[in-house]
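First comes the structure, then the notes that go with it.
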Amino acid sequence: MEKVREEAKPNPAATAGLLSNIFFWWLNPLFRTGYKRRLEEADMYEVLAEDRSERLGQDLKRYWDVEVQKATKEMRPPRLGRVIIRCYWKPYAVLGFFTLVEEVIKVVQPVILGKMIEYFENYDPNDKTALHETIGYAVGLSVCVIGLAVLHHLYFYHVQRTGMKIRVAMCHMIYEKALLLSSSSLGKTTTGQIVNLLSNDVNRFDDVTIFLHFLWVGPLQAATVVGLLWLEIGPSCLAGMVVLMFLMPVQTMFGRLFSKFRSKMAVLTDSRIRTMNEVVSGIRIIKMYAWEKPFAALVSDVRRKEISKIMKSSYLRGLNMASFFCASKIIVFITFTLYVLLGNTISASRVFVTVSLYSAVRLTVTLFFPNAIEKLFESRVSIRRIQVALCQRSSGKASPERSVLFTFQSLSVSVRAPRLTHVLPLWARIHPQSSLLSSILGELPHEKGALKVRGQLTYAAQQPWVFPGTIRSNILFGKELEPQKYERVIRACALKRDLELLPDGDLTAIGDRGATLSGGQKARVNLARAVYQDADIYLLDDPLSAVDAEVGRHLFEQCICGLLKNKPRILVTHQLQYLKAANQIVVLKEGHMVAKGTYTELRQSGLDFTSLLEEEEQQQQQQLPPADISTRSRTMSQNSTVSKASSAQSVEDGDHLPVGTLQGCLRTAEPTQTAAEESRAEGNIGFGLYVTYLRAGANAAVLLVVLLINILAQVPGKRDAGGADEQEKLNDADVANVTRSGRNLTRELDRDFYLGVYGGLTAATVIFGFVRNMVLFNVLVKCAQALHDRMFDAILRTPVRFFDINPIGRVLNRFSKDIGQLDSNLPWTFVDFIQLFLQVVGVIAVSASVIPWILIPVVPLLLFFLYLRRYFLQTSRDVKRLESTTRSPVFSHLSSSLQGLWTIRAFGAEERFQKAFDAHQDLHSEAWFLFLTTSRWFAVRLDGICSIFVTITTFGCLLLRDQLDAGSVGLALTYSVTLMGMFQWGVRQSAEVENMMTSVERVAEYTELESEAPWETDKRPPPDWPRKGLVTFDGVNFSYSVDGPVVLRDLKATFRPKEKVGVVGRTGAGKSSLVSALFRLAEPRGKIYIDGILTSEIGLHDLRRSVSIIPQDPVLFAGSMRKNLDPFSQHTDEELWNALQEVQLKTAVEELPGKLETVLAESGSNFSVGQRQLVCLARAILRRNRILVIDEATANVDPRTDELIQRTIRDKFRDCTVLTIAHRLNTIIDSDRILVLDAGRIDGYDEPYALLRDPGGLFYKMVQQTGKQEAAALLQTAKEVSVIGEPATERGADL
């Protein structure tokens, strides 16, 4: 596999000195670079050794293994929470000391402040001792402030890194577990669930580590503050503490409720992502069936439930935040009301010390403590979900009770070198042969008997699997490149010509699911991978089904019987013509071994399959058609035996293989689409994006109301602060004056009036505060909902090409991670920022009204802040975008690994894939590490400036001591200290909002995808259209994209009503493009008419609903069997059962626990490929359209299923126009006419026999290349059809 990235730059943090680490100086060069130009992956620093995914994962895994052993002994489930604590408690406990010191400083600060204000209260210009003492306090205050700035960010950096370590280690373990999942566990787990564990659940660890220490620091600090307040204002302080204590359990309850919603939400998110995964994977089918609406309904139904949970948890958050912001107002009001009513006199120092002490403890008790509880409950939910995943049964220990659709009874086979063993499934719609290989691979357990495998296995799966990377890395699969051997393998697997025609040869990048390769190319790459591994035993699961007859023969002779001739091989195949070459044939029927032996032995035994062959050979020798040709079974001609000699003459050497005309045809073949780089925007987040975001969920009027409520919530608060301060100032000045002049009388201002006003303002603040948060959260969640719906709608309406060039992981990342941000994190941060912004404005306004000179340092500070913010954001935004784009490959790697699990395990490549996953994780960690450190770099600088501001203010007060009274000093100092935390946090949150807006930007980008033609137009065809089924192509040119190569050129053809037409051509001749043009998957140029109606003038759904298709890859979706057959609920149960009866699936479905309501596994994986194909046929029967397109539908099925499909089509679609695209010529040789395509042009279009009489035609050459006997049989069939000369529909021809 390719390296995830080139060597990274060494990380300067590893070698930085103490001061550089404290102030993050080592990041300066990165910021300089980021300011000049956009940051790229190459600018990121290598991940630190102790943060590497492999190291962290293995450390945690050791503890987990010990816990599992212990749990097994004690007969209890293992506990993941314990494991995390055991692994990380020591370094995390050390960080608790930092928290303690920080909180002590916060408590000491108000005490020092009080001492300073006391000096001003009892100001005596001649008292030098008091002055010196106060200067000492001023120095103490400044040291506290600076110490706080440094400590706080060091602490946060380290706890966040601990969170990152736990997350990375968890992801490592989850992926490692995913690689080991047994078949039974895989049935219960979906890709969506595992993607959600990696995208959402593990992120809880990033949050929980930040706040966890406050669970013990909070109560401790509260107790200390109560003591200090008692000394300051006596028992009145208890009133305030009661409010605080009341808030704690309320918020704990919120935390519990929140976690309840969170776990319900996670299940719904899983479900939504799983559906999205299926929609993106099966988009081609969904579009051809015109099933976008039921899928949209399915997703919007899950999303609606998810949003209702999100809305509830957001309201809880809103209440939580509002209670936090209103707490201080209520506490101060209650405390001082009680204090005054008890007959005490208020003094400035008392007021400010009390307010400062409350604000010190308020943050911890009402924000950090409840946050810790909320995050703890949330992470408990996540830990439980991850624990369930980690406790799934692993492969190799799969349970013998697993319910499989088939069992083997008394099967005994031995394979030794060098032998070719054919496993021949007989009349099997369920696939016992694949299960035989699964057992050999150890994927399915065997109940009794012995299965011994000596030597290394390699395996080519029936459904070809390729992973994102280059073609070369897919073939080498971790082995060293040996040029000569590689060349031999490429030739033997018929890939030479294909690679020559690809833009970058074998270094062409393949997207997710091999989106850039055709089915045949994928199958050959898959085979080449197996052949290149120097293994002892080769298990080949039907590798010849996806290629045409000629390439199939080449693969069989040059590869299976050529390159591999000295190795034991087990080949599963439905193609009987290859049996003669086998050393041993095993015939399986419904899980039983019916016979075993050489070809000759089985011929003599008179078995079912040999009678089949004998009939076929007799048929080849008869020159005249038998009387009952009308009921002749097609399977005869299809599986003609071919002697090895005749085929050897047809292809002497691999180089001749893909044919003289192939070069031309592949050059205009369906374009190989290279996966595009994931886009990431540049520059500032524009104001327009905020407007787009907010307007998505609310109209202008609503937004105006929200703005008004915000202002209203802030004004009374500031006014009461101002009013109370004015009152206190008056009061204090009076107290001071009165005391000083010796007339010790307290002037009674109208106390009750003031308390009434004060109470009213406090109540207004509280009410508006709560209303504001509710309204804001409501609007923001609606924005997320609207953007999700728009994005989903755009994804459904975008042309198919978008999905060919964008990997699944990239699209899913938008729907999982980015929508996750919009749902929960962005609203919270946004609301927080708005509250802080308004508070800062309020604080500055009140301060300025009292001491105008405070504005002098505020203005330059503000300008400097804004400059620093801009400087920071240039880099930070890019880091955030890099973090998003480096996350996509983690998901892509996970989903492609899950798709190719059996292959990875058969090749023993788990360790290599684990390493690649670790490399992807490390790359993401590099971006995440920069994201953490850059935000700390910024915060340290902001807090540093604020602490300088506080220091200036403190010493400024001392310098101006003659002009200032105690109230003003108290106000200036209290607010400058409050401002310090708030200002920095506000600027940080504004930067955070802007960073999170990159998620909005990414979602908005997908809401504006190019859209295909409308689903419905004003011009509607008649309800019973098409009545006849006449299809006309008139000068059609077709390409997959505007700038792509033209793959169909000037196509003129008419398909008559009720006619059966075969479409043939070499790989890449444009056969599938013909279907794409008919269905308008991209808009064709030229005209296509159906029953005289121009298809480009009607809506896509009207067109696609009226043409049935049986696709090449049968796709089933998770959901009930009924939904899979009839998503619009247009048919009765009876009709559904009849359709299943027609395709002989009725009994299979009746045996399912819920019959039609049984929910299928992801992608219908609990059905075999053959059964899935039959479900697709049942869909076509139910649609009862006049036109049916069969796109190589029988490539992957056994002869019996093939015959069943053909018979059903013959019977049920007698009155329909049928277009069959085929690799195997015997599938279409008895059609009414055959359309031969070559390089996108029509080479011939006539009756089969007429085409075969033209030796210069491509069809004649293709028939000849199948070998002498096969060619003779095909010619014979064509002749018979021609002799009868009746229309195919009347003679019940074998289509």
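Start at 1 with the first residue, then count along the sequence.
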(request) Might you point out which heavy atoms bring Ser1073 and Val1047 nearest each other, and give the distance in Å? (result) OG-CG2, 3.6 Å

(message) Parallel, tilted or perpendicular, judged at 30° and 60°: which one describes the rings of Phe1055 and Tyr1245?
(response) perpendicular

(message) Please tell me whether Thr798 and Glu1012 have a donor and an acceptor in their side chains that are separated by less than 3.5 angstrom.
(response) no

(message) Between Arg272 and Asp301, does any NZ, NE, NH1 or NH2 come within less than 4.0 Å of an OD or OE carboxylate oxygen?
(response) no

(message) Are the side chains of Leu1074 and Leu1235 in contact, using a 4.5 Å heavy-atom criterion?
(response) yes

(request) Over all heavy atoms of both residues, which pair between Asn1124 and Arg1179 is shortest? Give the atoms and the distance, please. (result) O-NE, 2.9 Å

(request) Considering non-hydrogen atoms only, spot the tightest contact between Pro1057 and Lys1028 and give its length. (result) CB-O, 3.4 Å

(message) For the backbone of Leu901 and the side chain of Trp465, can you confirm whether one donor and one acceptor N or O come within less than 3.5 Å of each other?
(response) no

(message) Between Arg1080 and Glu1097, does any NZ, NE, NH1 or NH2 come within less than 4.0 Å of an OD or OE carboxylate oxygen?
(response) no

(message) Less than 4.5 Å apart, side chain to side chain, heavy atoms only: is that true for Val811 and Ile795?
(response) yes

(message) Run Glu1135 and Thr1132 through side-chain contact (heavy atoms from CB on, under 4.5 Å) and show every step you take.
(response) CA-CA 5 Å; Glu1135 288 172 319; Thr1132 62; 3.4 Å; yes

(message) Under a 3.5 Å distance rule, please check whether Ser1231 uses its side chain to pair with a backbone N or O of Ile1234 as donor and acceptor.
(response) no

(request) Using atom types as modelled and distance alone, determine if a side-chain donor or acceptor of Lys1058 lies under 3.5 Å from a backbone N or O of Arg1186. (result) no

(request) To the nearest 0.5 angstrom, please state how far the CD atom of Glu278 sits from the CG atom of Leu298. (result) 9.0 Å

(message) Taking the side chain as everything from C-beta on, heavy atoms only, tell me whether Ser1106 gets closer than 4.5 Å to Asp1102.
(response) no

(request) Check the pair Arg1104, Met288 against side-chain contact (heavy atoms from CB on, under 4.5 Å), reporting the backbone distance first and the verdict last. (result) CA-CA 6 Å; Arg1104 290 169 183 170; Met288 285 176 166; 5.7 Å; no

(request) Let me see the working for Ile819 and Arg303 under side-chain contact (heavy atoms from CB on, under 4.5 Å), right down to the final yes or no. (result) CA-CA 11 Å; Ile819 287 291; Arg303 180 69 179 154; 3.8 Å; yes

(message) Could you measure the distance from the CZ atom of Arg801 to the OH atom of Tyr1040? Nearest 0.5 Å is fine.
(response) 11.0 Å

(message) Has Asp1091 got a side-chain atom pairing as donor or acceptor with Gly1029's backbone, closer than 3.5 angstrom?
(response) yes

(request) List the steps and the verdict of salt bridge (charged side-chain N to carboxylate O under 4.0 Å, His left out) for Arg304 and Asp789. (result) CA-CA 10 Å; Arg304 201 177 57 251; Asp789 294 347; over 6 Å; no

(message) Taking the six-membered ring for Trp, are Tyr1006 and Phe802 closer than 6.0 Å centroid to centroid?
(response) yes

(request) Ignoring hydrogens and angles, tell me if any N or O in the side chain of Lys287 forms a donor-acceptor pair with the backbone of Leu796 under 3.5 Å. (result) yes

(message) Tell me whether Ser271 contacts the main-chain N or O of Val267 through its side chain, where contact means a donor paired with an acceptor under 3.5 Å.
(response) no

(message) Rounded at 0.5 Å granularity, tell me how far CD in Glu292 sits from CD1 in Ile283.
(response) 6.5 Å

(request) Measure the shortest side-chain to side-chain distance between Ile1093 and Tyr1089 over non-hydrogen atoms and say whether it is less than 4.5 angstrom. (result) no

(message) Minimum heavy-atom separation for Ser816 and Ile273, please, with both atom names.
(response) CB-CD1, 3.4 Å

(request) May I ask you to say whether Lys309 pairs ionically with Glu306, meaning some side-chain N is under 4.0 Å from a carboxylate O? (result) no

(request) Using a 4.5 Å cut-off on heavy atoms from C-beta on, say whether the side chain of Val1107 contacts that of Ile1090. (result) yes

(request) Sequence neighbours left out, what passes salt bridge (Lys or Arg N to Asp or Glu O under 4.0 Å) with Asp1133? Give chain and number order. (result) Arg1122

(request) State the CG-CD1 distance between Leu1177 and Ile1110, to the nearest 0.5 angstrom. (result) 4.5 Å

(request) Please state whether the rings of Phe295 and Trp291 are parallel, tilted or perpendicular, taking 30° and 60° as the class boundaries. (result) tilted

(request) Find the distance between CD (Gln785) and NE2 (His788) and round it off to the nearest 0.5 Å. (result) 9.5 Å

(message) Quick test of your reading of the model: are Arg274 and Asp270 salt-bridged, counting only N-O distances below 4.0 Å?
(response) no

(request) To the nearest 0.5 angstrom, please state how far the CG atom of Leu1009 sits from the CZ atom of Arg797. (result) 12.5 Å

(message) Looking at every non-hydrogen atom in both residues, tell me the closest pair between Phe1033 and Ala1077 and how far apart they are.
(response) CE2-CB, 4.5 Å

(request) Compare all side-chain heavy atoms of Met276 with those of Leu812 and state whether any distance is below 4.5 angstrom. (result) yes

(message) So which atom in Leu1030 and which in Arg1056 form the shortest heavy-atom distance, rounded to 0.1 Å?
(response) CD1-CA, 4.1 Å

(request) Report yes if the side chains of Leu1182 and Leu1136 come closer than 4.5 Å at any heavy-atom pair, otherwise no. (result) yes

(request) Kindly indicate whether the side chain of Leu1078, heavy atoms from C-beta on, has any atom under 4.5 Å from the side chain of Val1031. (result) yes

(request) Check step by step if side-chain contact (heavy atoms from CB on, under 4.5 Å) holds for Thr1220 and Val1063. (result) CA-CA 6 Å; Thr1220 307; Val1063 181; over 6 Å; no

(request) Indicate yes or no for a side-chain donor-acceptor contact from Asp1232 to the backbone of Val1061 under 3.5 Å, with no hydrogens or angles considered. (result) no

